[in-house]
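The sequence lines fix the lettering, A, B, ..., with proteins before strands; numbering per chain opens at 1.
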Amino acid sequence: MSPAESMDLLSRGCAEIISRRELEKKLSAGRPLRVKLGVDPTAPDIHFGHTVSLQKLRQFQDLGHEGILIIGDFTAMIGDPSGRSATRPQLTHDEVLANARTYQEQAFKVLDKAKTKVVFNGEWFRDMTFTDVIKLNSRVTLQQMLQREDFRERLDKAQPIRAHEVQYPIMQGWDSVMIRADVELGGTDQLFNIMVGRDLQKEEGQEPQVAMMLPILEGLDGTQKMSKSLGNAVGVNEAPGAMFGKVMSVSDALMARWYVLLLGREIAREAHPMAAKKELACALVERFHSAGDAAHALEEFEKRFSGRDLENAELPAFTPAVPLIDVITAAVEAYNACFGQAKSRSDVRRLVTQGSVQWRGEKVTDPKAMLDLSRPGILRLDKTRAVRVG
RNA sequence: GGGCAGGUUCCGGAGUGGCCAAACGGGGCAGACUGUAAAUCUGCUGGCUUAUGCCUUCAGUGGUUCGAAUCCACUCCUGCCCA
């Protein structure tokens, strides 16, 4: 592939590249570029949002470049302040390392393992002395660090900014120096951090990295950035059925975004939104599981939701402790046993009185109703959860 | 170190002695309607064997009071200004 063609492919889907000229120059040098992507294992799972940049890194790999996946075991302990209105809770190094393990595993669902170098940034931060830290800090000014929007906002709102948070961009920037990155990938909210990397590289006499910013993927709610802590994420490790269902529940507007950011293409103009959404869901389940899983998930979905046929759908089996119990106890046990959810009885009572719970196809709205669970049947709990008894 | 303003349920934020499990908004959940979409409408949103009932909660501890989120004392935490 010619440099111009590579350029065309690689810049597709990017929100911003700083700068295109530099990237063209690097590409035409003909050597494999060192492409950096940093991830902070603050949670054990990777979600769709992460895959946008992972996918871009994969493109680089497919063109013969080297992917350097930085596991921010040290930076994760600080927590990236980007887009944050509050200090993140601090994780211990052990927690971070545990997360890092599953992170890598999941990242390789997208990346080419053979062309990926995994580096922990603790490798260089761990051994730094306080003198080194001071020296590093003296290269930037507080004003520069505070310029960034998230900090300024907190300043305006009189919310605390802890001194260690200011270290974050400096550390991320130093990562770029240590691995001599040619390109750094990240979401648009990473602009500031990535630019600090360029500055530090220049000071160290390195050719500055190209910053490639990818759009931020909105989560299930359709407005906020996908993030596990906001509860609007779809994890790459989720079961095919759950993944499929979550994708189906997004709004049409969000579906269009996901098409572009996750599949890299537009929705077919003539497609019915429902059909388009099923296609999206299939494509994603196939990517993170398999074509067979995707077909199966689609079939189950149609059976269960379009056909409203709970009878023949795949449901977790539930064996009650006692065959004859009241609805509330039954539902609480089912939530707990089949979905690992500890619902309070009050919570379940609400579901019952509001008409969400059904036994053998009948709504049970009386919280005192007794169910004879010695008979086989389906106990529906809420919109997406139901269990099979007997 | 000094002065001032604050710390309320998931979030924002009202409440300044009983009518407070605590207004209102957001978010979330459920029902109706649907395409498990959006929009809309309705309801719910601390816990408990649902109870004009009890229990836990308004930063913490201790007090005053028949009664405290509300008053007092001390402590912890945050911001702003001054040094």
Members other than [X] in its cluster, when Ile, Leu, Val, Met, Phe, Trp, Tyr link by side-chain heavy atoms under 4.5 Å?
X: A:Ile378; value: A:Leu310, A:Leu315
X: A:Phe130; value: A:Ile134
X: A:Val348; value: A:Phe318, A:Val322, A:Ile325, A:Val327, A:Ile328, A:Val332, A:Tyr335, A:Phe339, A:Leu351, A:Val352, A:Val357, A:Trp359, A:Val364, A:Leu371, A:Leu373, A:Leu379, A:Leu381, A:Val387, A:Val389

Suppose we call a contact any N or O donor and acceptor under 3.5 Å apart; does that hold for the side chain of A:Arg349 and the base of B:U50? yes
Annotated protein contacts, base or backbone, on nucleotides 76-83 of chain B with a non-hydrogen cut-off under 4.0 Å, one of B, S, - each: --SS----
Under 3.5 Å, which N/O atoms of the protein pair with N/O atoms of nucleotides 28-30 of chain B?
| unit_1 | atom_1 | unit_2 | atom_2 | d |
| --- | --- | --- | --- | --- |
| B:A30 | O3' | A:Ser356 | OG | 3.4 |
| B:A30 | O2' | A:Gln354 | O | 3.2 |

Give the residues of [range] touching RNA chain B, defined as any heavy atom closer than 4.0 Å, sorted by residue number.
range: residues 328-340 of chain A; value: none
range: residues 363-371 of chain A; value: A:Lys363, A:Lys368
range: residues 246-253 of chain A; value: A:Ser249, A:Val250, A:Ser251, A:Asp252
range: residues 276-297 of chain A; value: A:Lys277

For A:Arg349, the salt bridge (Lys or Arg N to Asp or Glu O under 4.0 Å) test, sequence neighbours excluded, returns none
Pairing residues for A:Arg126 by the side-chain hydrogen bond (donor to acceptor under 3.5 Å, both in side chains) criterion, not counting sequence neighbours: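 Listed in chain order: nothing, the list is empty.
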Qualifying residues under ring-ring contact (aromatic ring centres under 6.0 Å, His included), relative to A:Phe120, sequence neighbours excluded: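 Counting only residues at least two positions away or on another chain, A:Phe120 forms no ring-ring contact (aromatic ring centres under 6.0 Å, His included).
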